[in-house]
Amino acid sequence: MKIAVVGTGYVGLVAGVCFADVGHHVICVDRDEKKIAMLREGRVPIYEPGLEDLMVTARGRIEFSTDLAAAVRACDVVFVAVGTPEMPDGSADMGPTLAVVDAIVASAGSSRKFIVLKSTVPVGTAAFMRQRLAGTPHEIVSNPEFLKEGAAIDDFLRPDRVVIGCATAEAQAIMGELYEPFVKNGHPILFMDNASAEMTKYAANAFLSVKISFINELALLADRLGADINAVRKGFTSDSRINPAFFYPGVGFGGSCFPKDVKALVHTGRSVGVAMDVVQAADEVNDRQKLVLFDRMVEHFGDVRGKTIAIWGLAFKPRTDDVREAPALYLIEKLVASGARVLAYDPVAHETARAASSVPFEITSTAMAACAGADALAIVTEWNEFRTPDLGQLRVALKTPVIFDGRNVLDPVKTVRAGFTYYCIGRNSVARGLA
Ligand code: NAD
């Protein structure tokens, strides 16, 4: 099948490349000329493991263009994967999506197009579009995306499920054919109405956010009461009704999805008179959690003014260069505003972090270099290379042996035995030899 994908960001590019990988012909469109020029040269503008290799495999079935009109004329199915960022009132900014849908309609003439909304859009968007498109032959399909950055290729090629919201058997047949190669593993394509498909995406992200904030809050309590959150987690998730996956305490969730999607869901609820109190609480708890390491530093040092803090990890999670809403940037901002100096290291996210940060900080080329002469180390992203540092070398590098482990990647007992003052999340009693 020949399809167009508009927006070559983390979602659109992965989707386009994966569709091409299974044999479809894909035109990836973006208005960013620099990005398209890079892609045409075979270079990938984002860090996503496996993406560059797959682009090579898909060569011949994928093209990159800034010409939306030509892509629309050439394809009957057009995916829209542009950003839906947060507005000041918490709602999703639908400007880019609306602009693209209007441009598709303007270019399509009288030929029938299936316009597939892959962006995360508020519940009711498809219904609104359908009204806007009344009198045209086009059909609006909702196909929210569930991939995780850092594992995006695998998630797209082998999805847990594909969700399709549509109103006709024709759309159902086309989408079924498109996705059939991805569900050989027996996982389902779930067909439903558009509003339910749109809501499914928000439900998933909101629920995952609630899980994270719930365990983060419990971890703070565990620290205060002398319990070990790891033991507690194992204990309560052994209940067959409670899935242990994605249930680890840390420094809060970030990224381009959870923070804005929980806010958008709260906004949607408010607009129809339904209070989304649980989701709102998850968001508020997360705002506090992003600064939990800063609070610990202030407790430890009294004042961080004049201190040098090494930060390991800038990306909002490992295996991506995405720093949107990254907890590390919140921490750095707070430290710098409080008079601290920051030396940071991330295996891939240095450039994106520098571009996104509103405050100056230094970036080093190795993890150990960030620690040279620092008063403390804070681990903010759980990249694999941070899991087994040479503690002897680290002890020598740091001016004072203090570690704030925001992802619980180090062994509390070993770290304390190696001579460090060690703070972690919900496991401080283990570090103090109490649990
Ligand atoms: P992104 O910011 O990485 O990419 C968006 C792309 O759209 C950019 O390349 C931009 O240049 C392009 N664009 C914007 N307006 C355009 C226009 N008028 N014409 C052509 N191109 C245009 O965004 P993303 O992270 O890929 O997210 C896209 C959507 O997918 C969002 O709604 C997001 O919530 C959702 N989503 C994201 C993820 C994720 O992990 N990033 C996962 C699932 C769903």
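Below, all heavy atoms of this structure are taken into account, side chains as well, without hydrogens, waters or symmetry copies. Atoms within each ligand, like the ligands themselves, are counted from 1 in listed order.
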Test: Lys118 cationic atom under 6.0 Å from Phe79 six-membered ring centre, within 45° of axis: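 Output no; distance or angle outside limits.
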
Candidate pair Asn216 and Tyr248, rule side chain to side chain donor-acceptor pair (under 3.5 Å), full reasoning: CA-CA 8 Å; Asn216 278 339; Tyr248 295 92; over 6 Å; no

Is a donor on one side and an acceptor on the other found under 3.5 Å between the side chain of Ser91 and the backbone of Met87?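 Looks like no, no N/O pair under 3.5 Å.
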
Does Glu63 use its side chain to pair, donor to acceptor, with the backbone of Val26 at less than 3.5 Å?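 The answer is no, because no donor-acceptor pair under 3.5 Å joins these two groups.
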
Listing request: all ring-ring contact (aromatic ring centres under 6.0 Å, His included) pairs with a residue in residues 100-140, at least two apart in sequence or in separate chains.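 Residue pairs passing ring-ring contact (aromatic ring centres under 6.0 Å, His included), neighbours aside: none found.
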
Present, as a list of atom pairs with distances to 0.1 Å, all nitrogen or oxygen contacts under 3.5 Å between ligand 1 and the protein.
unit_1, atom_1, unit_2, atom_2, d
ligand 1, 2 (O), Arg324, NH1, 3.3
ligand 1, 3 (O), Tyr10, N, 3.3
ligand 1, 9 (O), Asp30, OD2, 2.5
ligand 1, 9 (O), Lys35, NZ, 2.5
ligand 1, 11 (O), Asp30, OD1, 2.6
ligand 1, 11 (O), Asp30, OD2, 3.4
ligand 1, 15 (N), Arg31, NE, 3.4
ligand 1, 21 (N), Arg31, N, 3.3
ligand 1, 25 (O), Arg324, NH2, 2.9
ligand 1, 26 (O), Tyr10, N, 3.0
ligand 1, 26 (O), Val11, N, 2.8
ligand 1, 32 (O), Thr84, OG1, 2.6
ligand 1, 32 (O), Thr120, N, 2.9
ligand 1, 34 (O), Thr120, OG1, 3.4
ligand 1, 34 (O), Lys260, NZ, 2.6
ligand 1, 40 (O), Glu149, OE2, 3.2
ligand 1, 41 (N), Glu149, OE2, 2.7
ligand 1, 41 (N), Ser256, OG, 3.4

Between Lys34 and Asp32, does a salt bridge (Lys or Arg N to Asp or Glu O under 4.0 Å) hold up when you go through it step by step? CA-CA 6 Å; Lys34 246 169 70 187; Asp32 184 335; over 6 Å; no

